[in-house]
Amino acid sequence: MIYYSTRDKERLHPYSLKEAAFMGLAPDGGLFVPERIPAVDMAVVESKAAESYAEMACYLAGLFFGEDEPETDLRRMVFNAYNFDCSLVKVGEGKFTLELFHGPTFAFKDFGARFMGGMLGLLNQSAEDLVVLTATSGDTGSAVAAGFYNVPGIKVVVLYPNGKVSDLQESQMTTLGGNIRPVRVNGNFDDCQALVKQVFNDSAFRSHVNVTSANSINILRWIPQSFYYFYGWCQWKKATGAELPTIVVPSGNYGNITAGMLAHAMGLPVKGFVAGSNANDVVPEYLQTGVYNPRESVRTIANAMDVGAPSNFERMMYLYGEDFDRLTGELAGFSNTDAEILAGIKEMYDKFGYVSDPHSAVGYNASKFYGIEGFWLSTAHHAKFREVIADTLGREFPIPEGLQVAMRKQKHFHPMDVSVAALEDYIEECVRG
Ligand SMILES: *Cc1c(COP(=O)(O)O)cnc(C)c1O
């Protein structure tokens, strides 16, 4: 499969899978998309999904990556990546959610990060270690760290701002050890991002160190996120007998929902999508007014969706051929204040005894508002937001064992001031051992 940039309308610059995956963002600033969208056979999807998530994912991964990687390697990688649950849960009468938080970091990003980690392991055949360099404000770093843990030939250098990530997030990044090398930067998230950018722009450094990024626009994180839409669909059909769901997606950078749109373009039958947002409602506003006005984000309690300029917006427009009417025919927007999110959490608990995290509660509220027939995606486990949940529901809930384990372990990190020279020295040290 060949990949093109969303901005390369004439298709003049083809990239191999390896090139697209190692670059992340296309050189012209666009996002990579596959040359063609493979068509699925839904009967095959259903029979594979009845066996297991991994079995279904092997079929779908083969459609994209089968020309690039031998089937046996892909299969081993997929089974290794997807060793956790993905389940449609009935919250109340006619109310379903697809829980995507049963992976090692308790958020849906595990689906993309674990797949990407495995694929980079397959793609990097050079003798030199590949360094995956990434900056995080919390959740991405933990998903990438867990997803790339123990992948042969790869070192992960993850930068996070000192004092600006939660204790739990810091534990998730700093207790793995091995090939995961966390750097605690004495600065804020913007400093971390600027450092990463400076390293990527230092061509002299990059000529002797093999370094790549793993941010959420990467094709290897985006494509596998389309797989769980198929799985959710099969389970929803089994539960309801219906075949045309509307799917509600709590959204920030819109990588998740555009992966759903990719699934739809591959042949997944859906009635439409709803993009749920918090107060950062750039896309819902665009769907209402036709005016796209990206801006600074504001802080909310659903902080993984605090995005003012969604990085996948271009991919979404690409998938709909830049056609506003086609897009609004299949996509509705919805936004919530913090107070509305908290009310949704409380209502779900009071009415159904279901505990939801703040991001997923936007999905519930949107489903209710539109009276949708379908399901919403639950993107994180409530235990990741236990202070908010305890305040809202007036009680504490058990923390899953997997989270407790990380919290008990000793943290190991490399403390660093905001200095490119220090970071480059440290990266070289990581490559050596
Ligand atoms: C990253 C994240 C989102 C937003 O997903 P996008 O793909 O950026 O739209 C929503 N909820 C949680 C819990 C997340 O971690």
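Hydrogens, waters and symmetry mates are skipped; everything else that's a heavy atom, side chains included, is used. Whatever order the structure lists ligands and atoms in, that order sets their numbers, starting from 1.
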Closer than 4.0 angstrom, basic N to acidic O: yes or no for [X] and [Y]?
{"X": "Asp391", "Y": "Arg386", "result": "no"}
{"X": "Glu170", "Y": "Lys409", "result": "no"}
{"X": "Asp350", "Y": "Lys346", "result": "yes"}
{"X": "Arg408", "Y": "Glu401", "result": "yes"}

Among Phe227, Tyr53, Tyr228, Tyr231, which residue meets the ring-ring contact (aromatic ring centres under 6.0 Å, His included) test with Tyr82?
-> Tyr53

Check whether the side chains of Arg315 and Asn312 place a donor and an acceptor atom closer than 3.5 Å, and report yes or no.
-> yes

One pair per line, please: each N/O atom of ligand 1 matched with every protein N/O atom under 3.5 Å away, atom names first, then the distance to 0.1 Å.
unit_1, atom_1, unit_2, atom_2, d
ligand 1, 7 (O), Gly255, N, 3.2
ligand 1, 7 (O), Asn256, N, 2.9
ligand 1, 8 (O), Asn253, N, 2.8
ligand 1, 9 (O), Gly252, N, 2.8
ligand 1, 9 (O), Asn253, N, 3.3
ligand 1, 9 (O), Tyr254, N, 2.9
ligand 1, 11 (N), Thr379, OG1, 2.8
ligand 1, 15 (O), Lys109, NZ, 2.5

